[in-house]
Number of protein chains: 2
Amino acid sequence: MRLTTKGRFAVTAMLDLALNASDGPVTLANIAARQKISLSYLEQLFAKLRRNDLVASVRGPGGGYQLARSSDQLSVAEIIIAVEESIDSRQCEGKKDCLGEGAGHRRCMTHDLWESLNQNVIQFLSAVTLAELVQQQFTPTEPATKTVSGPASRVKSRQEDTNKRRASFAAENVVAS
Amino acid sequence: MRLTTKGRFAVTAMLDLALNASDGPVTLANIAARQKISLSYLEQLFAKLRRNDLVASVRGPGGGYQLARSSDQLSVAEIIIAVEESIDSRQCEGKKDCLGEGAGHRRCMTHDLWESLNQNVIQFLSAVTLAELVQQQFTPTEPATKTVSGPASRVKSRQEDTNKRRASFAAENVVAS
DNA sequence: TCTATACTTGAGTGAATTAGTAGGGTATTG
DNA sequence: CAATACCCTACTAATTCACTCAAGTATAGA
């Protein structure tokens, strides 16, 4: 999966935008200062966000950026895809198999697995809106296990079908920074 | 998320191992030939797989590798974590915030989101066993996954039934959008 | 024992990608 | 008309990836 600082900065910046929406357009300089992100880098990211109609710009003095839609209509997936230009893992190296939809063409053995994973991730991120992230800023939340609304929190409770080894394995491998 | 060719090759190789388990230990040279992966690279990967007790090695002539457990006790998550050593995205750059569990310590704004995503991915991959991948080799399946919901079409409804995850992988299931 | 087989390890490297910088523009408004 | 702030292109240092190379160690069968 492709998830770099680009994507994370973009989400952070959009969240900042949402949080400061009340005072008119927000300048990149402000975001840069608040979030400690380089201005030049932000400009790059916002160019893409704008091209994807996730933000609207206002030029001239007093200008800045605004969300293009209400925050509950903006998903994290959109933001990441906009700046990363594809959320996919780099595809199964397409040399011999796995290139296509060709009729009798054989896909590589694990093709479906990765595709399935991609869908899972996209679905997860599509279900998280900026509005939810905003909300979360006001509810400091105790330990992250109680996480944000989204598929994961439900998954947590329906774990009984997996055997214990795997369950505990997964749990202890979620490293907290 | 961290998912490179390392992880993909490892899963492919393990699958190859599972598929050829009947003829005794499988040599890396064979896997390399069948899967078109460099032998030296495979050796690196299998060193890690062995250290994590996912495979057992048999030395000497006629030797090779075997799965350490039955294929339905081996999850894809384990394999990937073994070779990638952590499945996390590179953490929220831990400079000032987001370093810890410190009592009143402030986490960066999107910390919970990424952690939640990680859990989701691990959960997903933990639920897929090698045995299931083996099974899938014998049921070619129609193009399982259709085009994913693009940025424009957002997923409104939450994923309700997480037990379907496995089914969505084996059979086909399109993201409702 | 001898030796071919096969696992095991560590170091090194070229190519690609990332994470930014630099330095110009262009549009708008007070 | 000048200050503000968006806009765009190109460049680069550092990191990471995806291997390769070389030198072992252990074992089984002749």
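Letters go in sequence order (proteins before strands), and every chain restarts at 1.
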Nearest whole angstrom, please: distance from the [atom2] of [N] to the [atom1] of [X].
| X | N | atom1 | atom2 | value |
| --- | --- | --- | --- | --- |
| B:F46 | C:dT9 | CZ | C1' | 16 Å |
| A:E43 | D:dA5 | CD | P | 12 Å |
| A:Q44 | C:dA19 | CD | C1' | 9 Å |
| A:L42 | D:dC6 | CG | P | 10 Å |
| A:K6 | C:dT21 | NZ | P | 13 Å |
| B:L39 | D:dT20 | CG | C1' | 11 Å |
| B:N30 | C:dT5 | CG | C1' | 13 Å |
| B:Y41 | C:dA11 | OH | C1' | 16 Å |

Check whether any side-chain nitrogen or oxygen of [X] sits under 4.0 Å from OP1 or OP2 of [N], and answer yes or no.
| X | N | value |
| --- | --- | --- |
| A:T4 | C:dA19 | yes |
| B:R51 | C:dT9 | yes |
| A:R50 | D:dC7 | yes |
| B:S57 | C:dT8 | yes |

Any donor and acceptor pair, going by atom type alone, linking the side chain of A:E84 with main-chain N or O of A:G7 inside 3.5 Å? yes
Just by distance, no angles: are the side chains of B:S75 and B:E78 close enough, under 3.5 Å, to form a donor-acceptor pair?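 Yes, side-chain donor-acceptor contact under 3.5 Å.
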Under 3.5 Å, is there a donor-acceptor pair linking the side chains of B:Q136 and B:T139? no
With heavy atoms under 4.0 Å as the rule, sort B:Y65 into base, sugar-phosphate or nothing.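 Sugar-phosphate: the residue B:Y65, judged by heavy atoms under 4.0 Å, touches backbone atoms but no base.
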Would you indicate what A:T27 reaches in the nucleic acid, counting non-hydrogen atoms under 4.0 angstrom: base, sugar-phosphate, or nothing?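 Sugar-phosphate contact only.
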Hey, which sits more toward the 5' end of DNA chain D by its nearest nucleotide, A:G62 or B:S40?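 On the 5' side of the pair lies A:G62.
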Any donor-acceptor pair, under 3.5 Å, between the side chain of A:R59 and the base of C:dT26, if you only look at N and O atoms?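 Side chain to base: pair present.
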Please state whether the rings of B:Y65 and B:F46 are parallel, tilted or perpendicular, taking 30° and 60° as the class boundaries. tilted
Walk me through it: do A:L130 and A:L133 pass the test side-chain contact (heavy atoms from CB on, under 4.5 Å)? CA-CA 5 Å; A:L130 258 194; A:L133 293 183; 4.3 Å; yes
